[in-house]
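First comes the structure, then the notes that go with it.
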Amino acid sequence: MLTQLGRYQIVRQIGQGAMGAVWLARDPLMGREVAIKSILNASSVGGEARVRFEREAKAAGALNHPNVVTIHEFGEDQGQMFLVMEYIKGEDLEALIKSRGLSKPEALEILAQVCDALAEAHAQGIIHRDIKPANVRVFREGNRVNAKVMDFGVASLANSDLTSDGTWMGTLSY
């Protein structure tokens with residue numbers, strides 16, 4: 001089991017994907033919980049996956065908006081690339097939709113916040129390209145519902161040529 005990435009002490013795994021995992025970790029230097037997204041050993045995922053992971057770090061890291069997950073660090077430890085971001089207690093919007101855990105006004109507030117986040121990204125030349133409920137984290141502060149857009153893994157950056165014309169990225173149904 002993974003116990004550390006860089007200076008971060010792994011607490012537990014909180015997600016799993018085709019190319020890696022998401023971990024709850026502790027930053028001993030700052031004394032806070034963080035989420036760490038890691039990809040499988042860099043040599044085993046190939047060059048394009050490595051470039052896409054770096055692009056995610058740059059895209060999300062370039063944004064400073066209350067409705068975009070904050071990126072703290074991008075690094076590599078013993079061949080394993082990782083992205084350190086704020087840990088957001090709450091649920092993915094996908095789970096809330098399935099459980100019918102939102103009122104109509106709350107759903108509209110989340111939609112407005114996601115639109116604000118995407119408008120900021122677009123103003124910075126970043127197109128998310130995979131906006132869907134699973135990529136929106138929702139949490140509550142008192143009676144207020146808040147949303148954070150995450151997972152810029154297939155984002156299109158201004159002046160980037162990683163994706164050729166006519167290539168579809170992201171989740172087509174959204």
Side-chain angles (χ1 to χ4, degrees), residues 1-63 65 67-99 101 110 114 117-118 121 126-140 146-157 160 162-163 168-174:
M1 181 180 146
L2 187 62
T3 60
Q4 189 158 342
L5 270 174
R7 73 173 189 250
Y8 304 94
Q9 301 162 344
I10 303 299
V11 175
R12 63 181 160 83
Q13 187 172 337
I14 55 177
Q16 178 70 42
M19 293 186 30
V22 179
W23 308 88
L24 173 62
R26 178 132 179 89
D27 179 346
L29 184 63
M30 300 301 290
R32 65 180 169 199
E33 290 183 323
V34 295
I36 300 179
K37 182 176 185 179
S38 66
I39 61 171
L40 299 174
N41 188 300
S43 62
S44 67
V45 295
E48 186 176 328
R50 182 183 182 94
V51 170
R52 288 192 191 287
F53 198 61
E54 288 177 17
R55 180 173 59 190
E56 176 178 3
K58 288 178 184 175
L63 298 171
H65 190 275
N67 300 115
V68 175
V69 67
T70 300
I71 302 301
H72 298 306
E73 182 181 346
F74 175 70
E76 187 171 347
D77 186 16
Q78 299 178 23
Q80 188 162 18
M81 296 176 68
F82 62 92
L83 179 62
V84 181
M85 63 194 95
E86 71 179 306
Y87 173 64
I88 304 163
K89 293 180 181 177
E91 294 183 75
D92 293 342
L93 181 55
E94 181 177 47
L96 285 169
I97 290 170
K98 286 180 182 175
S99 71
I110 290 168
V114 169
L118 295 176
I126 300 167
I127 309 298
H128 190 284
R129 297 198 305 184
D130 197 20
I131 197 67
K132 60 185 179 183
N135 287 338
V136 176
R137 192 80 172 161
V138 177
F139 62 101
R140 296 179 188 276
N146 297 285
K148 294 243 185 191
V149 175
M150 55 188 187
D151 199 347
F152 283 76
V154 296
S156 172
L157 305 177
S160 172
L162 187 59
T163 305
W168 286 95
M169 299 298 298
T171 307
L172 192 56
S173 60
Y174 287 99

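What you see below is based on every heavy atom in this structure, not just the backbone, and it leaves out hydrogens, waters and symmetry mates. One is the number of the first residue; the rest follow in order along the sequence.
- Rounding to the nearest 0.5 Å places CZ of Arg137 at 9.0 Å from CG of Leu96.
- In this structure, Ala134 and Met150 approach most closely via the heavy-atom pair O-CE, 3.6 Å.
- Taking each heavy atom of Asp151 and His128 in turn, the nearest pair found is O-NE2, 2.9 Å.
- Scored by the side chain to side chain contact (heavy atoms under 4.5 Å, CB included) test, Leu63 finds Val68, Glu120, Ala121, Gln124, Ile126, Phe152 as partners (sequence neighbours excluded).
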> Phe74 and Phe82: ring pair (Phe, Tyr, Trp, His ring centres under 6.0 Å), yes or no, with the steps?
Replying inline: CA-CA 6 Å; Phe74 175 70; Phe82 62 92; 7.7 Å; no
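- Checked options Glu33, Arg7, Glu73; the residue passing with Asp27 is Arg7 (criterion: side chain to side chain contact (heavy atoms under 4.5 Å, CB included)).
- For Arg140, the side chain to side chain contact (heavy atoms under 4.5 Å, CB included) test picks out Leu102, Glu106, Val145, with sequence neighbours left out.
- Side chains of Val114 and Ile131 form a contact here, defined as non-hydrogen atoms less than 4.5 Å apart.
- For Glu86, the side chain to side chain contact (heavy atoms under 4.5 Å, CB included) test picks out Val69, Thr70, His72, Ile88, Lys148, with sequence neighbours left out.
- Here the CD atom belonging to Glu91 is positioned 12.0 Å from the NZ atom belonging to Lys98, to the nearest 0.5 angstrom.
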>> Let's go through Leu83 and Ile36 carefully: what are the C-alpha distance in whole Å and the side-chain angles of both, what is the deciding distance for side-chain contact (heavy atoms from CB on, under 4.5 Å) to 0.1 Å, and is it a yes or a no?
In response: CA-CA 6 Å; Leu83 179 62; Ile36 300 179; over 6 Å; no
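- Between the side chain of Asp92 and the main chain of Asn135, no donor-acceptor pair closer than 3.5 Å is present.
- For Asn67, the side chain to side chain contact (heavy atoms under 4.5 Å, CB included) criterion is met by His65, Gln113, Asp116, Ala117, not counting sequence neighbours.
- Here the NZ atom belonging to Lys37 is positioned 9.0 Å from the CD1 atom belonging to Ile71, to the nearest 0.5 angstrom.
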>> Could you walk me through whether Phe139 and Lys89 satisfy the side-chain contact (heavy atoms from CB on, under 4.5 Å) test, starting with their C-alpha distance in whole Å, then the side-chain angles of each, then the deciding distance to 0.1 Å, before giving a yes or no?
In response: CA-CA 6 Å; Phe139 62 101; Lys89 293 180 181 177; 5.7 Å; no
Name the atoms and distances for all side-chain donor-acceptor pairs under 3.5 Å in residues 9-23, with sequence neighbours left out.
unit_1	atom_1	unit_2	atom_2	d
Gln13	NE2	Gly15	O	3.0
Gln13	NE2	Gln16	OE1	2.6
Gln16	NE2	Gly20	O	3.0
Trp23	NE1	Ser38	OG	3.1

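- Once rounded to the nearest 0.5 Å, the distance linking CG of Leu29 with OH of Tyr8 reads 8.0 Å.
- The side-chain hydrogen bond (donor to acceptor under 3.5 Å, both in side chains) search around Arg26 returns none, not counting sequence neighbours.
- Counting heavy atoms from C-beta on, the side chains of Leu93 and Lys132 never come closer than 4.5 Å.
- Within the 3.5 Å criterion, the main-chain N or O of Gly6 finds a donor-acceptor partner in the side chain of Gln4.
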